[in-house]
Colleague: 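Below are the structure tokens for one structure; questions will follow.
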Amino acid sequence: MTVLIDIDSHEHHLFSRAPSGAYAKAPLGSRADCLDIGLINNMSDAALMSTERQLFDLLDAAAGRLCVRLHLYTMESTPRSEWGRDYVRRYYRGIGDLLNRSLDGVIVTGAEPRAASLTDEPYWTTFAEIADWATENTVSSVFSCLAVHGAVLHLDGVARHKLPAKCFGVFAQTKTRHHPLMQDVPRTFRIPHARWNEVQEEDLSDCGYSVLTWSAEAGVDCFVKQQKKSLFVHFQGHPEYETQSLLGEYRRDMGRFLRGENEVCPTIPRGYLNEGAEQILIAFRQKALSDRNAELFADFPVDRLAKDLSNVWRLPAQRIYRNWLHYIVSQRRSHSVREASPAAAAIPARRHGRKLVAARSARLARSPPPGITRRLGYKE
């Protein structure tokens with residue numbers, strides 16, 4: 001199937017993933033048949049493009065016969081290099097544009113923490129505005145990794161806890177309850193994690209969150225809560241990761257250690273490598289500890305380690321995101337039916353931000369926003 005992406009320029013790297021680089025404008029009358037999903041990409045410059053690719057591919061694989069239109073947004077307060085600022089200026093819209101509209105869903109990514117407290121991050125005020133906006137202007141919102149910790153802190157005062165060591169690897173998760181998001185997902189499955197902090201089950205339960213998956217090694221993974229009009233879905237792990245994502249993150253952390261930018265030598269990701277690859281990485285790590293120098297980074301055995309990696313989380317991740325998209329469809333349909341009833345005719349328009357919009361059924365019928373929306377294909 002295909003995904004539509006709302007970008008003004010066809011030079012964006014995702015267009016190369018379409019067969020023969022083909023693209024086409026979305027028909028003007030097809031808006032009501034599409035789900036409008038926003039990606040609020042708060043990742044660092046080095047991960048901007050890979051995050052786009054990961055989530056685009058996952059949505060495309062999950063969509064089936066559904067039409068999904070993806071919109072890219074950036075928080076202007078996120079620190080970036082000159083290249084990063086130019087990149088988001090060319091391909092992303094600002095948060096001011098987001099706050100003056102509604103979307104069916106949003107995916108909010110995290111970022112590497114720069115401050116000891118989340119409320120001291122340079123983008124915190126903007127992030128809080130996004131979380132508040134999403135409660136009123138989406139059917140459902142997904143928060144990933146650090147964005148999870150920001151959302152629960154802002155909305156419910158749930159604090160994250162520092163872990164004694166990085167939670168890093170591919171860990172078995174067990175479904176803890178029935179929920180539409182978990183339909184056809186195996187009772188036990190594995191998901192990558194890469195984080196230094198966590199939010200804990202007891203704190204979440206006390207604030208009305210429902211934990212859907214839990215790991216004996218990694219703790220809570222997926223949990224949900226209805227926040228006003230939107231179902232907030234939280235992943236402490238990374239179902240969107242590609243096969244080599246954890247390897248790339250380990251290599252990055254090892255480079256920082258060898259260059260003296262970080263005093264902690266990274267631990268080997270658990271449950272990710274086969275026995276032979278793990279022995280190779282153990283030997284390299286021991287050498288890094290005994291002969292720490294930046295030149296050693298050039299010898300990092302990335303090709304040998306990547307050769308036998310397998311992606312065991314792709315299918316359950318696709319099913320969860322498929323269920324998320326179908327949940328949005330079902331909720332949108334039920335809203336439309338209710339608002340089409342005679343009683344709904346008396347409901348006045350509501351104010352969102354600085355614009356007046358009518359009920360959700362009117363939102364579904366509006367014409368596309370400015371910019372070209374092009375058709376992209378998925379390729380394994």
Side-chain angles (χ1 to χ4, degrees), residues 13 16-17 43-58 61 81 83-84 109-113 144-146 163-173 189-197 215 217-218 221 235-317 379-380:
H13 72 99
S16 66
R17 304 178 77 74
M43 297 300 288
S44 64
D45 292 351
L48 270 173
M49 296 172 67
S50 60
T51 300
E52 294 167 356
R53 182 182 66 244
Q54 291 165 13
L55 287 165
F56 171 78
D57 284 357
L58 183 53
S81 66
W83 175 90
T109 73
E112 281 194 90
S144 173
C145 203
L146 189 70
L163 294 169
K166 187 174 184 178
C167 179
F168 193 43
V170 182
F171 300 100
Q173 323 283 322
F189 59 98
R190 295 168 66 195
I191 290 290
H193 286 253
R195 51 187 166 81
W196 286 97
N197 299 275
S215 168
E217 296 177 285
D221 182 21
F235 295 105
Q236 288 207 94
H238 289 280
E240 78 283 359
Y241 266 8
E242 295 168 321
T243 305
Q244 295 188 29
S245 296
L246 286 179
L247 177 59
E249 186 163 337
Y250 183 87
R251 183 174 180 269
R252 179 203 68 191
D253 291 348
M254 179 59 75
R256 291 174 176 174
F257 171 73
L258 292 173
R259 291 189 298 270
E261 299 167 9
N262 193 331
E263 291 305 311
V264 179
C265 187
T267 56
I268 294 173
R270 299 166 61 185
Y272 179 53
L273 304 167
N274 63 29
E275 184 176 352
E278 190 164 309
Q279 290 303 314
I280 292 171
L281 198 52
I282 289 172
F284 183 87
R285 187 174 186 273
Q286 289 174 340
K287 188 173 183 180
L289 287 167
S290 62
D291 183 24
R292 181 181 178 185
N293 65 82
E295 289 75 20
L296 183 60
F297 185 66
D299 297 330
F300 188 87
V302 61
D303 292 335
R304 295 165 64 194
L305 295 170
K307 183 175 60 175
D308 296 319
L309 289 177
S310 60
N311 189 326
V312 298
W313 60 90
R314 186 63 172 176
L315 184 56
K379 181 168 64 177
E380 288 287 351

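For clarity, every value in this text was computed on a predicted model and none was experimentally measured. Heavy-atom basis, side chains included; hydrogens, waters and symmetry copies ignored.
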Colleague: Counting only heavy atoms not in R304 (residues, nucleotides, ligands), do more than 12 fall under 6.0 Å from its CZ?
Modeller: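 Result for CZ/R304: open.
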
Colleague: Can you label the angle between the W313 ring and the Y272 ring as parallel, tilted or perpendicular, going by 30° and 60°?
Modeller: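 W313 vs Y272 ring planes: tilted.
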
Colleague: With a 3.5 Å cut-off and no angle check, do the side chains of E52 and H13 form a donor-acceptor pair?
Modeller: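 Yes, side-chain donor-acceptor contact under 3.5 Å.
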
Colleague: Taking the side chain as C-beta and beyond, is there a heavy-atom pair between L273 and L309 under 4.5 Å?
Modeller: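 When only atoms from C-beta onward are counted, L309 and L273 do touch, with a gap below 4.5 Å.
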
Colleague: Work out which heavy atom in P269 is nearest to a heavy atom in L281; give both atom names and the distance.
Modeller: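 Shortest heavy-atom contact: CD-CD2, 4.2 Å.
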
Colleague: Given H238 and R195, is the side chain to side chain contact (heavy atoms under 4.5 Å, CB included) satisfied, shown in steps?
Modeller: CA-CA 10 Å; H238 289 280; R195 51 187 166 81; over 6 Å; no

Colleague: If we check side chain to side chain donor-acceptor pair (under 3.5 Å) with Y241, which of these qualifies: H193, E249, Q54?
Modeller: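 In the set H193, E249, Q54, the residue that makes a side chain to side chain donor-acceptor pair (under 3.5 Å) with Y241 is E249.
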
Colleague: Looking at R252 and E261, does any basic side-chain N land under 4.0 Å from a carboxylate oxygen?
Modeller: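 Salt bridge: no.
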
Colleague: State whether F171 and R270 meet the cation-pi test: NZ (Lys) or CZ (Arg) under 6.0 Å from the six-membered ring centroid, and within 45° of the perpendicular axis.
Modeller: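 Ring-cation test returns no.
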
Colleague: Can you give me the closest heavy-atom contact between S144 and G237, atom names plus distance?
Modeller: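 Of all heavy-atom pairs spanning S144 and G237, the closest is OG-O, 4.2 Å.
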
Colleague: Which of these passes side chain to side chain contact (heavy atoms under 4.5 Å, CB included) with E278: I280, I282, N274?
Modeller: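 Considering I280, I282, N274, a side chain to side chain contact (heavy atoms under 4.5 Å, CB included) with E278 is found only for I282.
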
Colleague: If I compare all heavy atoms of G271 with all of V170, which pair ends up nearest, and what's the gap?
Modeller: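 Taking G271 first and V170 second, the nearest heavy atoms are O-CB, 3.5 Å.
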
Colleague: Could you tell me if the side chain of E240 sits less than 4.5 Å from the side chain of D57, heavy atoms only?
Modeller: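 Side-chain contact under 4.5 Å: no.
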
